[in-house]
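These notes are about the structure you will find just below.
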Amino acid sequence: MTARYLYRLYGLLAASDLPLPELFTVAGGQPQIFFRYANIPQDRLEERKQLGPFHTVSPGRLWLHVPNIARFLVLDGKEVWIDPSPGIDEDSIRVFLLGACVGALLMQRGLLVLRGCAVRVGDGCILCLGDSASGKTTLAAALMQRGHAVLSDDIVAIDNKNCAIPGFPDLKLWHDAAKKLGIPTEGLRRTRSCIEKFHVPLGDFFQNHPLPVRRIYALQPDNSTEFRLEHIAGMERFSCLHACSYRPLYIESMQLKGKHLQSCAAFSGNIPMQYLFRPEHPFMVKELADFILADMGRTK
């Protein structure tokens with residue numbers, strides 16, 4: 001059966017049974033990946049490795065069970081099967097499909113997948129990496145307000161030319177973060193009806209072509225009272241990239257560790273990397289954006 005919708009994401013043409021309003025539609029072409037509604041059998045568990053209560057894996061495959069939402073199966077970097085729970089809304093399915101499932105699919109395709117945002121500065125881009133509490137999306141929005149296009153947020157995919165690949169043409173901002181930046185949320189779609197997180201379209205500030213990575217900032221919220229940079233050198237560069245990888249447990253469990261280590265080593269070779277320490281409270285995101293842009297100006 002032919003999928004109803006065609007989209008572009010991370011440089012790939014995706015055919016989907018599920019509408020994905022976050023993405024740009026494509027008029028035609030040969031799909032490279034597929035998002036399908038399918039019944040996912042629950043047997044043969046003995047052939048899988050249990051990662052936790054909701055994840056099981058085997059080489060080239062990842063099963064994700066989100067109770068009362070859906071079961072997902074990510075296959076060989078080519079397909080994601082979706083088996084929804086009865087009565088579930090499509091927004092809830094999309095959160096997990098376009099998050100963990102797409103991240104796993106990109107890993108299976110051999111890309112280096114990092115946890116952060118990629119933002120255009122000059123003729124290249126910077127990466128701001130960190131965990132879910134480091135302020136990556138809010139920072140990307142603040143940089144956008146200063147005229148810089150965004151390539152991707154949360155899931156950053158790097159190709160074999162050390163370029164960041166464009167992802168989703170929106171940011172997913174919590175209401176408090178949007179308010180801090182003066183971004184009105186009235187009329188914006190929520191990521192899920194039950195939470196105060198909104199899709200903020202990038203519009204003309206979406207960078208839809210890959211860009212070479214010029215500098216990497218690893219965000220480190222701490223108890224300091226000012227911003228501080230610390231150069232990352234030697235093997236620490238490799239360790240930092242590995243720590244900022246998207247869902248490292250997926251990598252090892254799907255037997256992708258060898259390729260991942262090679263990609264980290266190749267990518268960390270000659271791109272300047274710094275830890276960026278910033279006060280955790282309050283989160284001075286506008287000042288942080290200005291600090292990063294000033295640093296980029298000094299290092300051109």
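We use all heavy atoms of the structure for the numbers below, so side chains are in, but hydrogens, waters and symmetry mates are not.
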key: Stepwise side chain to side chain contact (heavy atoms under 4.5 Å, CB included) check, L276 with L229   = CA-CA 5 Å; L276 200 173; L229 292 170; 3.7 Å; yes
Next on the checklist: If hydrophobic clusters are built from ILVMFWY residues whose side chains come within less than 4.5 Å, do F206 and I183 share one?
Outcome noted: yes
Notebook entry, point to check: In the single-linkage hydrophobic clustering (I, L, V, M, F, W, Y; side-chain heavy atoms under 4.5 Å), do I251 and F72 co-cluster?
Noted result: yes
Looking only at atom types and distance, does a side-chain atom of R247 sit under 3.5 Å from a main-chain N or O of R115, one as donor and one as acceptor?
no
*Hey, what's the ring geometry for H175 with F198, parallel, tilted or perpendicular (30° and 60° as the breaks)?*
tilted
Are V213 and I292 connected into the same hydrophobic cluster when the rule is that any two of I, L, V, M, F, W, Y join if their side-chain heavy atoms are below 4.5 Å apart? no
Quiz item: Hey, does the side chain of E22 reach the backbone of F168 with a donor-acceptor pair shorter than 3.5 angstrom?
Solution: no
I93 and V66, any side-chain heavy atoms less than 4.5 Å apart: no
### Message
Checking the side chain of K78 only, and the main-chain atoms of F34 only, is there a donor and an acceptor separated by less than 3.5 Å?
### Response
no
message: Working note: Y250 + H55, criterion side chain to side chain contact (heavy atoms under 4.5 Å, CB included); need CA distance, chi angles, decisive distance, verdict.
response: CA-CA 9 Å; Y250 288 6; H55 295 80; 2.7 Å; yes
Practice item. Look at atom CH2 of W81 and say whether more than 12 heavy atoms of other residues, nucleotides or ligands are closer to it than 6.0 Å. Key: no
| query | Taking the side chain as C-beta and beyond, is there a heavy-atom pair between H199 and L188 under 4.5 Å? | reply | no
Of L293, V150, D290, V285, the one forming a side-chain contact (heavy atoms from CB on, under 4.5 Å) with L143 is L293
Heavy-atom side-chain contact between R94 and P21 under 4.5 Å:
yes
Correct closest heavy-atom pair for A177 and T138 would be CB-OG1, 3.5 Å
Shortest non-hydrogen pair, D91 vs R190, comes out as OD2-O, 4.1 Å
Rounded to the nearest 0.5 Å, the CD1 atom of I165 sits from the CG atom of L9 at a distance of 10.5 Å
Taken to the nearest 0.5 Å, the spacing of S16 OG from I33 CD1 works out to 9.0 Å
One should read off an interatomic distance between K197 NZ and T191 OG1, to the nearest 0.5 angstrom, of 6.0 Å
Test log, rule side chain to side chain contact (heavy atoms under 4.5 Å, CB included), inputs M273 and C240: CA-CA 9 Å; M273 297 176 62; C240 177; 4.0 Å; yes
Heavy-atom closest pair (G11 atom, Q32 atom, distance to 0.1 Å) is O-OE1, 4.0 Å
Exercise. Determine whether F24 and N208 make a side-chain contact, defined as any pair of heavy atoms from C-beta on separated by less than 4.5 Å.
Key: no
Looking only at heavy atoms, the pair that brings I40 and R71 closest together is CD1-O, 3.4 Å
Looking only at heavy atoms, the pair that brings G130 and C244 closest together is N-SG, 4.4 Å
> Do the non-hydrogen side-chain atoms of N223 and H281 ever get within less than 4.5 Å of each other?
Replying inline: no
Rounded to the nearest 0.5 Å, the CZ atom of R120 sits from the CD1 atom of I126 at a distance of 13.0 Å
- Message: Side-chain heavy atoms nearer than 4.5 Å, only ILVMFWY residues, links allowed to pass through others: does that put Y7 and I82 together?
- Response: yes
ask   = With a 4.5 Å heavy-atom cut-off, do F227 and L288 have their side chains touching?
value = yes
Let me have the donor-acceptor pairs involving side chains of residues 105-114, under 3.5 Å, with sequence neighbours excluded, atom names and distances please.
unit_1, atom_1, unit_2, atom_2, d
Q108, OE1, D76, N, 3.1
Q108, OE1, G77, N, 2.6
Q108, NE2, G60, O, 3.2
Q108, NE2, V74, O, 3.4
R109, NH1, G77, O, 2.7

Q.
I'd like to know if E287 and R278 make a salt bridge, using a cut-off of under 4.0 Å between side-chain N and carboxylate O.
A. no
Assess whether side chain to side chain contact (heavy atoms under 4.5 Å, CB included) is satisfied between R192 and I69, documenting all intermediate values.
CA-CA 12 Å; R192 294 183 66 186; I69 303 291; 3.4 Å; yes
Next on the checklist: What I'd like to find out is whether the side chain of S152 reaches to under 4.5 Å of the side chain of C117, using heavy atoms alone.
Outcome noted: no
Identify each donor-acceptor pair in which a side-chain atom of residues 252-265 lies under 3.5 Å from a protein atom, sequence neighbours left out, and give them as a table.
unit_1, atom_1, unit_2, atom_2, d
S253, OG, L249, O, 2.8
H260, NE2, H242, ND1, 3.3
H260, NE2, S245, OG, 3.0
S263, OG, K259, O, 3.1

Separation between NE2 (H231) and OH (Y275), nearest 0.5 Å, reads 11.5 Å
Between Q274 and I232, the two heavy atoms sitting closest are C-CD1, 3.6 Å
Checklist entry - Are D123 and R214 ion-paired here, with the side-chain N under 4.0 Å from a carboxylate O? => result yes
Do you reckon Y217 sits in the same ILVMFWY cluster as M144, going by side-chain contacts under 4.5 Å, direct or chained?
yes
- Item | Minimum side-chain heavy-atom gap I88-N68 below 4.5 Å | no
Rounding to 0.5 Å, atoms CZ (F205) and CG (L171) come to a distance of 11.5 Å
Validation: residues 95-104 side-chain donor-acceptor distances under 3.5 Å, sequence neighbours left out:
none

